[in-house]
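To start, the structure under review is shown below, and the notes come after it.
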Amino acid sequence: MQDSFRHKGMRKRLVETISQKGITDKAVLGAINSIPRHFFLEKAFEEQAYEDKAFPIDELQTISQPYTVAYQTQLLGIQKRNKVLEIGTGSGYQSAVLALLGARVYTVERHELLHQKAQHMFELLGLLGIRAYHADGYKGLGEFAPFDKILVTAAAPEVPKALLQQLKIGGILVIPVGGRKGQQMLRITCVGENDFKQEVFDQFRFVPMLPGKNYRP
Ligand code: SAH
């Protein structure tokens with residue numbers, strides 16, 4: 001795989017597009033500008049990799065739209081060395097953005113095939129700050145809790161209790177909550193033991209967060 005000047009040029013325009021849509025965090029825009037998104041997509045979509053769109057990946061899942069990735073990342077306010085749990089590895093693109101911001105990333109995916117492909121990509125790109133697991137995100141990742149930040153990249157019918165319990169005090173959970181037709185982006189801050197503050201942001205549309213693990217054929 002190759003990251004050419006043409007890819008870099010398209011990426012620069014993508015960054016301009018999402019900054020016009022309201023993303024202001026310079027570090028987030030810098031990460032989008034550095035990561036070769038076309039590596040995370042099927043070859044057939046290479047030409048469109050720098051459009052601000054979601055695309056299909058294996059197992060009928062999607063790689064999120066770059067604007068959505070930037071939006072969620074900006075809400076998290078990632079600091080260097082933050083311990084971050086991501087639910088829904090998918091292509092691995094969002095994990096790469098978090099890693100580039102200096103986070104220590106723990107990412108979980110329920111589809112074994114997607115987990116393995118993303119893991120391979122992290123090795124290929126030398127993203128050593130990412131640990132990937134084939135696990136059910138409804139349970140979080142208790143053995144590594146608590147986390148500074150938790151990011152859910154699938155539509156949750158409600159906020160999973162386990163995720164709230166795995167936040168540090170001062171920690172932040174960003175999660176789209178709602179049904180199949182659309183979800184509200186929530187930012188939940190743990191302000192004390194069992195004490196949470198909730199803020200409501202824009203509407204988005206994610207693939208559903210489903211229970212249990214799925215094994216490759
Ligand atoms: N962050 C991804 C977006 C992938 S779409 C990216 O950048 O490409 C959401 C992903 O969440 C899908 O791959 C889906 O399989 C996964 N998912 C859904 N429910 C899950 C669960 N309970 N645990 C872990 N992953 C889940």
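Note that these values count all heavy atoms, side chains included, but never hydrogens, waters or copies made by symmetry. Only a predicted model underlies this, so the values are computations on that prediction, with no experimental measurement involved. Atoms within each ligand, like the ligands themselves, are counted from 1 in listed order.
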Hydrogens and angles aside, do [X] and [Y] bring a side-chain donor and acceptor to less than 3.5 Å of each other?
{"X": "Gln198", "Y": "Arg187", "value": "no"}
{"X": "Thr89", "Y": "Glu109", "value": "no"}
{"X": "Thr153", "Y": "Gln94", "value": "no"}

With atoms numbered from 1 as shown, which atoms in ligand 1 lie under 4.0 angstrom from a non-hydrogen atom of [X]?
{"X": "Leu210", "value": "18 (C), 19 (N), 20 (C), 21 (C), 22 (N)"}
{"X": "Gly137", "value": "21 (C), 22 (N), 23 (N), 24 (C)"}
{"X": "Ala135", "value": "23 (N), 24 (C)"}
{"X": "Met209", "value": "18 (C), 19 (N), 22 (N)"}
{"X": "Ser91", "value": "6 (C), 7 (O), 8 (O)"}
{"X": "Ser64", "value": "3 (C)"}
{"X": "His111", "value": "15 (O)"}
{"X": "Leu114", "value": "13 (O)"}

Review point. Which is it for Phe39 and Tyr93 under the ring-ring contact (aromatic ring centres under 6.0 Å, His included) test, yes or no, and what are the steps along the way?
Key: CA-CA 9 Å; Phe39 285 15; Tyr93 178 71; over 10 Å; no

Hey, does [X] sit under 4.0 Å from ligand 1 if you only count heavy atoms?
{"X": "Pro211", "result": "no"}
{"X": "Val69", "result": "no"}
{"X": "Glu86", "result": "yes"}

Should the proximity of [X] to ligand 1, defined as any heavy atom under 4.0 Å, be assigned to the side chain, the backbone, both, or neither?
{"X": "Arg110", "answer": "both"}
{"X": "Pro208", "answer": "backbone"}
{"X": "Val207", "answer": "side chain"}

Review point. Out of Gln61, His115, Glu109, who gets a non-hydrogen atom closest to atom 16 (C) of ligand 1?
Key: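 Among Gln61, His115, Glu109, the closest heavy atom to atom 16 (C) of ligand 1 belongs to Glu109.
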
Exercise for review: Could you check which of Leu151, Leu98, Thr62 puts a non-hydrogen atom nearest to atom 4 (C) of ligand 1?
Suggested key: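 Among Leu151, Leu98, Thr62, the closest heavy atom to atom 4 (C) of ligand 1 comes from Thr62.
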
Distance to 0.1 Å, residue and atom name: give those for the protein heavy atom nearest to [atom].
{"atom": "atom 9 (C) of ligand 1", "result": "Thr153 O, 3.4 Å"}
{"atom": "atom 11 (O) of ligand 1", "result": "Gly88 CA, 3.2 Å"}
{"atom": "atom 7 (O) of ligand 1", "result": "Gln94 N, 3.1 Å"}

Check your understanding: Just by modelled atom types, is the Asp148 backbone N or O under 3.5 Å from a matching donor or acceptor in the Lys83 side chain?
Key ->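 Such a contact is absent between Lys83 side chain and Asp148 backbone.
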
Review point. Does Phe201 offer a backbone N or O that forms a donor-acceptor pair with the side chain of Gln184 under 3.5 Å?
Key: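 Side chain of Gln184 to backbone of Phe201, a donor-acceptor pair under 3.5 Å: yes, one is there.
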
Review point. Has ligand 1 got any nitrogen or oxygen that is less than 3.5 angstrom from a nitrogen or oxygen of Gly212?
Key: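 By distance alone, the answer is no.
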
Review point. Testing Gln72, Arg205, Gln203 for side chain to side chain contact (heavy atoms under 4.5 Å, CB included) with Pro176, which one passes?
Key: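 Among the candidates, only Gln72 passes.
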
Exercise for review: Examine Tyr215 together with His134 and report whether their ring centres are nearer than 6.0 Å.
Suggested key: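 Between His134 and Tyr215, which both carry aromatic rings, the centre distance is below 6.0 Å.
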
Review point. Under 6.0 Å from the six-membered ring centre of Tyr50 and within 45° of its axis: does the NZ or CZ of Arg37 meet both?
Key: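 No, Arg37 does not sit over the ring of Tyr50.
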
Exercise for review: Look at the aromatic rings of Phe45 and Phe55 and report parallel, tilted or perpendicular, splitting at 30° and 60°.
Suggested key: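 Plane angle between 30° and 60°, so tilted.
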
Review point. Looking at CD1 of Ile32 and CG of Asp25, how far apart are the two atoms once the value is rounded to the nearest 0.5 Å?
Key: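 Rounded to the nearest 0.5 Å, the CD1-CG separation comes to 10.5 Å.
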
Check your understanding: Does CG in Asn194 sit with more than 12 non-hydrogen atoms of other residues, nucleotides or ligands closer than 6.0 Å?
Key ->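 No, not enclosed.
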
